[in-house]
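Below: one structure, written as structure tokens.
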Amino acid sequence: MFQIQTPPRNPQPTYLPIPLHHRRRHRISAALTTTTNNNQTIQSLCKKGQLKQAIQLITHEQNPTQHTYELLIQSCARQKSLIDAFKVHKNLNDNGFDEDPFLATKLIDMYFELGSIEHARQVFEEITQKTIYVWNAFFRALSLSGNGEEVLRLYRKMNEIGIPSDRFTYTYALKACVVSEASSFLWRGKEIHAHVLRHGYEGHVHVMTTLVDMYAKYGYVENADFVFSSMPVKNVVSWSAMIACFAKNGRPFQALQLFQKMMLESGEMLPTSVTMVSVLQACAALAALEQGKLIHGYILRKGLDSILPVMSALLTMYARCGEIDLAQNVFNKMEKRDTVSWNSLISGYGIHGLGSEALQIFQEMVSNGVSPSPITFVSVLGACSHSGLVDEGKLLFNSIKQYGIHPSVEHYACMVDLLGRANRLDEAAKVISDMRDEPGPKVWGSLLGSCRIHCNVELAERASKWLFELEPTNAGNFVLLADIYAEAKMWGGVKRVKKLLEARGLQKVSGCCWIEIKRKIYSLTSVDELNPQIEQIHALVVTLSKEIRDIGYVPETKAVLYDLEIEEKERIVLGHSEKLAVAFGLINCSKGETIRITKNLRLCEDCHSFTKFISKFTNREIMVRDINRFHHFRDGECSCRDYW
DNA sequence: TTAGGGTTAG
């Protein structure tokens, strides 16, 4: 199928047949004159978008030029007309251009634009002289239509028959390694990485940036960082790719550090809207409000506030930093809004436990004629779930199809969460058994989470049986089941799960809190010995816990995974990172300032109760974002109304 | 002739 052809010495295409009757000199010049005129007319018709007329003319044109066909092909792609595309393609073949590799690349692009990979493939297969442009054009078409596997197959073929790749081929091939979600092509990516180095492209900024991104998409942060650090030339895109890599892979702190480094080292190079989106994501993940505000200022100064992705990320940053009013302000000021902007606002209200507001925004969205997306329903169902709006959530779930959306596993997981949280576990289990698709880990995970809240051992065992199979390395699931056994005082079960964890070499993710004080982020863990104030912090926690006992605080120790004396259990929960963070905040925040804490796991019941009492006792507002939502503690109450 | 980084959820 693939033949290697020596390229023609004469760059003039030899495959342009000149009809015999044009061979005589005077006929040739005459023919050239008419040709020029007709070609020019066709070309100008194409430019004016009058494709039909152009096609009429080309059928009578005896000497069409390559450029004329190029414009015709582009015109077909622009006008999205496959029928015209076929006419032009046939006419071009009839006039002997079927072996023109330049036009073949244009045809491949055109068929891709028109959504017909099959015709693009046909052009690719039929052209004998496959220049690197032809290969690259087909790779591009395949990559962009999600057919990474075929790119990789052809790339291998190309290597076997000895056609050298160029810088474009490498970028397409690397991108092909991440387009298919079904299977991992990381190993192929690594192989191409080796080819890139072997052929001396280690200094090529496009190729290397694509490599950074390829590793980023697989979560191979160290590899991405290694490639990035080894780049002799970096530009704003490479910096942004690496910042995005950190932000997307749970390393927001490093993302911000790298951004600061970029601002210091990059000289004239300015961050773009793309850079700012990743930086905002990092601020949101860290709940770094002050940093985020600085970024907001920069966005306004640089006039990036009309770019939709920037504004959605900004809105989300405020919402995830606990400032839902500022998020709403951003939304109000937006000149244009798309589905994502609305989704961002809905989920913002959702994580603040403001379910009715989220529902209202959803209604507004629909009445404004904005189409909801699958994510809209995940957000609005999530909002119902956090607020206990079970009936509203059920109605919404049943309406999904009306919006032309097929309910996905994510939507079912939301429903299970909604019902399960509300202690309607049987209904939640029924939702699962009624599912046509395989429930998958998200659905079972939701059920297990609800079993944890309501301590339902039997259902938890059923859910974890599936979960342990589907996610054998997710330690969180094992810990949830152990928690449930512990609460039910089934110490044999706790032991068994711990052994399972050990046998699989898994470790419980330890609790960690962080807090921003004067634009600096401080993290606290229960085993923290490095914090210079740690003794003061512990002392304050002990004192406070004694004081608040007088106003009704009773330690809740059921989360402790050990069968110990009650005093020992109380000592353990007193060391939870969230309590340390509260004390750290009380020591270091200015008087009257809200203490803002972020936690990597779900807030435990004792810490929740402790913080409520502390907010009353110290007359402080304390805001805690846990893995799922916000808790605003004020005057002894929490905004979640103990429903979380 | 062709190319690299980004928005919302979980």
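Reminder, nothing fancy here: chain letters follow the sequence lines and each chain counts from 1. Given the structure is predicted, the values throughout are model-derived calculations rather than measurements.
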In whole angstroms, how far is the C1' atom of dG6(B) from the CD1 atom of I299(A)?
12 Å
For S238(A) and N235(A), which I'm curious about, is there any donor-acceptor pair between the side chains at under 3.5 Å?
yes
Going by 5.5 Å between centroids and 30° between planes, is there a stack of Y133(A) over dT1(B)?
yes
Which whole-number value in Å describes the distance from Y215(A) OH to dG5(B) P?
16 Å
Go through the steps to decide whether R78(A) and E113(A) satisfy the test salt bridge (charged side-chain N to carboxylate O under 4.0 Å, His left out), and finish with yes or no.
CA-CA 8 Å; R78(A) 261 201 310 275; E113(A) 294 290 336; over 6 Å; no
Taking atom types as they are modelled, would you say the side chain of S240(A) forms a donor-acceptor pair with the base of dG5(B) within the 3.5 Å cutoff?
yes
Cationic tip of K106(A) within the cone over Y69(A)'s six-membered ring, i.e. under 6.0 Å and within 45° of the normal?
no
If every non-hydrogen atom of R629(A) is compared with every non-hydrogen atom of H386(A), which pair is closest and at what distance?
NH1-O, 3.1 Å
Under a 4.0 Å heavy-atom cut-off, which of residues 373-387 of chain A touch DNA chain B?
I375(A), V378(A), S379(A)
Between dG4(B), dA3(B), dG6(B), which nucleotide gets closest to the side-chain atoms of K217(A)?
dG6(B)
At less than 3.5 Å, do the side-chain atoms of H411(A) and the base atoms of dA9(B) form a donor-acceptor pair?
no
If you look at every heavy atom in V509(A) and L601(A), which pair is closest and at what distance?
O-CD1, 3.7 Å
Should the side chain of S312(A) and the base of dT8(B) be counted as holding a donor-acceptor pair, with the cut-off at 3.5 Å?
no
